[in-house]
Number of protein chains: 2
Amino acid sequence: MAVARKGHSKPAAMGESRRRQRKGDGDEGTRERILKAATRVFAQHSFRAASTRMIAAEAGVDHPLIHYYFGSKEKLFEAVTERIYRETMEIMPAWLHDLSRMRPVEGLSLFIDRFLDYYFDHPEAQQIIFVNMAQIGQLEEIPGYRYILMHIEGLRSMLEGMAPLPGRREEAESFVYCFHILADSFLGAKSAHAQILGMDPDGEAYRQWVKDTLLAVFTPLLEELFS
Amino acid sequence: MAVARKGHSKPAAMGESRRRQRKGDGDEGTRERILKAATRVFAQHSFRAASTRMIAAEAGVDHPLIHYYFGSKEKLFEAVTERIYRETMEIMPAWLHDLSRMRPVEGLSLFIDRFLDYYFDHPEAQQIIFVNMAQIGQLEEIPGYRYILMHIEGLRSMLEGMAPLPGRREEAESFVYCFHILADSFLGAKSAHAQILGMDPDGEAYRQWVKDTLLAVFTPLLEELFS
DNA sequence: GATAGTATTTACCAATCGGTAAAAGTATAG
DNA sequence: CTATACTTTTACCGATTGGTAAATACTATC
């Protein structure tokens, strides 16, 4: 008779034993494949709208495996948001590298390039934030939203720690906050913006439009802050 | 035996016959109560995440009445978005009244006040746009998204027709588009922003923050456009 | 009061949801 | 080979989804 576990066991023990049973899939391990599939699905649908069956199908596994490895939809979502938060916090400092020795507008341009480089390669982060944004602060409290708030706050505090942010404090804060919110919309709802603009959401033209638009809006404010 | 209709009949005939059967509810008519309840529910949940049962409960009716009056969830959503689009298009010109004879920054300030006055009283419009934004342009095509796109486009073209929008055309377009996207986030996801800011989403402090923030970001750009 | 047309309620349907129990498969340790 | 632990699959549960059929309630007209 199978043992009835509560929660789930930690299959990460056992050293190196699960890494050969997959077809031609680059042997990732079931847990990792579920996590990656969940990241993709949660990037397209809010926590409520996403279903464990969709994630299982995306990962090519049977849906009970999700509960075997993660226990619940909530905990899977938490694992996804936690990883994204951690990875983003690791990469963020690189975006600021050498910016302080440049002139403000050039620094902003380079920052936007680095920022867009990363998020066009890892769109899920901004997408997950965007599709769940309307639910944050609402009555229904979902574990994992915590990491979304920390993500927003992390980006904000990093940008505010950005070398020189002089001028009136309130305007500097508006600069940082609005930059993030705008970028989150352009990257998290890119298919909508691209459709409105008549562009391919994954094409170079859209990327260039995002950069030009952010520069056009924030350059005057930046120059005012430094005047 | 009851007649099996396909679709649904048009209960709007019969002149004046349904307006007395409700308790103390201000006698609205069932159809109108469903439409208003649907507007509230669709403002909090995306089209997919909202359910006809939630709407029926919100309206205080049995859920088959939704299909009796509107035929399907899609058509109900379409009715909601169509009305919001129509009402917004009607009110928009008033936001621009007398703005052209003012100095740009003062005009922007007054415009923001009128804009926020309306959307703090009618938050559903921006909320519905926001919670469905990520799905627009995606594969799944939902009737009613059309009105959302028309809403965005209408606001954009109205603002661009705003008396003088001089300067480089691209920057003027960035101004208008980003203003709308930012405002949509501040109003459509106000509970999230308010939580991040530690404010009450329906309080005067948050409204003031929105105005100050929009002014801080767009005043320098506006002045540059007019220089 | 009978009739006809509208409005509402009751009872259902198949599909899908998150989640669970238990059997079946698979590998390793002794 | 056997015992054991881990992994995967099968089969289910109750709840909810959008939607429908049919019965009932209501109201105005004749």
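FYI, side chains are in, hydrogens and waters are out, and symmetry mates aren't considered; it's all heavy atoms of this structure. Residue numbering restarts at 1 for every chain, and letters A, B, ... go by the order of the sequence lines.
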Inset, instruction - In whole angstrom, give the distance that lies between atom CZ of A:F70 and atom P of C:dG19. - result: 14 Å
Legend entry - Proximal nucleotide (of C:dT10, D:dG19, C:dG18) relative to the B:S72 side chain: D:dG19
Legend entry - From D:dT9, D:dG19, C:dG19, nucleotide with atom closest to B:K73 side chain: D:dG19
Legend entry - Separation of C:dC17 P from A:M54 CE (nearest whole Å): 8 Å
Inset, instruction - Rounded off to whole Å, could you give me the CG-to-C1' distance for the B:L65 and D:dA23 pair? - result: 14 Å
Inset, instruction - For the side chain of A:P64, starting at C-beta, report the closest nucleotide among D:dA11, D:dT8, C:dT6. - result: D:dA11
Legend entry - A:S51 side-chain proximity, nearest of C:dT6, D:dT8, C:dG18: C:dG18
Inset, instruction - Using a cut-off of strictly less than 4.0 Å, decide whether B:Y68 has a side-chain nitrogen or oxygen near OP1 or OP2 of D:dT20. - result: no
Legend entry - Side-chain ion pair, A:D62 and A:R53, N-O less than 4.0 Å: no
Legend entry - Candidate nucleotides C:dC17, D:dC6, C:dT20, ranked by approach to the side chain of A:H67 - the nearest: C:dT20
Inset, instruction - Answer yes or no: is there a side-chain heavy-atom contact under 4.5 Å between B:Y177 and A:T213? - result: no
Legend entry - Under-4.0 Å salt bridge between B:R40 and B:E58: yes
Inset, instruction - Mind calculating the distance between CZ (A:F77) and P (C:dG19) to the nearest angstrom? - result: 14 Å
Legend entry - Separation of D:dT8 C1' from A:I34 CD1 (nearest whole Å): 11 Å
Legend entry - Base C:dG19 to side chain A:H63, donor-acceptor N/O within 3.5 Å cut-off: yes
Inset, instruction - Kindly say if B:T30 contacts the phosphate of C:dA7, meaning a side-chain N or O under 4.0 Å from OP1 or OP2. - result: no
Legend entry - Between C:dC17 (P) and A:I55 (CD1): distance, integer Å: 11 Å
Inset, instruction - For the pair B:R83 and B:E32, find out whether any cationic side-chain nitrogen is under 4.0 Å from an anionic carboxylate oxygen. - result: yes
Inset, instruction - Would you mind telling me which of D:dG18, C:dT8, D:dT9 lies closest to the side-chain atoms of B:T52? - result: D:dG18
Legend entry - Side chain of B:R53 - closest among C:dT8, C:dG19, D:dG19: D:dG19
Inset, instruction - Take atom CG of B:L76 and atom P of D:dG19, then tell me their distance rounded to the nearest Å. - result: 10 Å
Inset, instruction - May I have the distance from B:K75 (atom NZ) to D:dT20 (atom C1'), rounded to whole angstrom? - result: 14 Å
Inset, instruction - In sequence, state the C-alpha distance, the side-chain angles, and the governing distance for B:F120 and B:D202, and then conclude on side chain to side chain contact (heavy atoms under 4.5 Å, CB included). - result: CA-CA 8 Å; B:F120 268 81; B:D202 298 309; 5.7 Å; no
Inset, instruction - Look at all strands and tell whether A:A50 reaches a base, only sugar-phosphate, or nothing, counting heavy atoms closer than 4.0 Å. - result: sugar-phosphate
